[in-house]
Amino acid sequence: MPTKEKTLQLRIERGKKTSEDDVQNLYYTIYKLAENLGFNVIAPESTNQQLITLTEKANEEKKSL
């Protein structure tokens with residue numbers, strides 16, 4: 001039985017009460033959740049560096065605890 005590939009596209013726009021850090025943290029959380037659930041996550045090239053930076057930041061915070 002063939003299965004169709006499905007792609008989820010999500011655009012999140014920052015609200016008046018939301019900081020840029022909040023947006024980045026949300027994006028990182030969604031990315032890691034999908035990855036941990038076993039989804040094949042492909043980040044756009046334009047945001048790939050942001051994910052690397054956020055991952056390094058999260059790892060540093062874990063080490064300092």
Side-chain angles (χ1 to χ4, degrees):
M1 176 186 293
T3 60
K4 293 183 181 179
E5 278 193 43
K6 300 202 179 210
T7 301
L8 172 67
Q9 294 183 352
L10 179 64
R11 178 181 171 144
I12 299 173
E13 294 182 357
R14 191 171 83 179
K16 292 179 182 179
K17 295 181 179 181
T18 310
S19 71
E20 184 64 33
D21 284 341
D22 292 336
V23 173
Q24 289 182 351
N25 289 335
L26 177 62
Y27 184 83
Y28 177 75
T29 301
I30 292 169
Y31 174 84
K32 293 307 276 184
L33 177 64
E35 189 177 64
N36 289 337
L37 290 172
F39 289 95
N40 184 21
V41 181
I42 303 169
E45 194 65 37
S46 60
T47 57
N48 196 33
Q49 185 59 40
Q50 285 179 326
L51 285 171
I52 292 169
T53 302
L54 290 171
T55 301
E56 290 171 353
K57 181 180 172 183
N59 290 337
E60 287 176 14
E61 288 176 3
K62 286 180 186 177
K63 288 180 184 178
S64 67
L65 296 177

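- In the hydrophobic cluster analysis, where Ile, Leu, Val, Met, Phe, Trp and Tyr join through side-chain heavy atoms closer than 4.5 angstrom, Val41 is grouped together with Leu37.
- Pairs of residues two or more places apart, or lying in two chains, never qualify as salt bridge (charged side-chain N to carboxylate O under 4.0 Å, His left out) while including a residue from residues 46-60.
- Every pair passing side-chain hydrogen bond (donor to acceptor under 3.5 Å, both in side chains) that includes a residue from residues 12-21 is listed here, sequence neighbours excluded: Arg11-Glu13, Arg14-Glu20, Ser19-Asp22.
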Using residues 28-35 as the side-chain source, report each donor-acceptor pair under 3.5 Å to any protein atom, sequence neighbours left out, with the distance given to one decimal.
| from | atom 1 | to | atom 2 | distance (Å) |
| --- | --- | --- | --- | --- |
| Thr29 | OG1 | Asn25 | O | 2.7 |
| Tyr31 | OH | Glu35 | OE2 | 3.4 |
| Lys32 | NZ | Glu35 | OE1 | 2.8 |

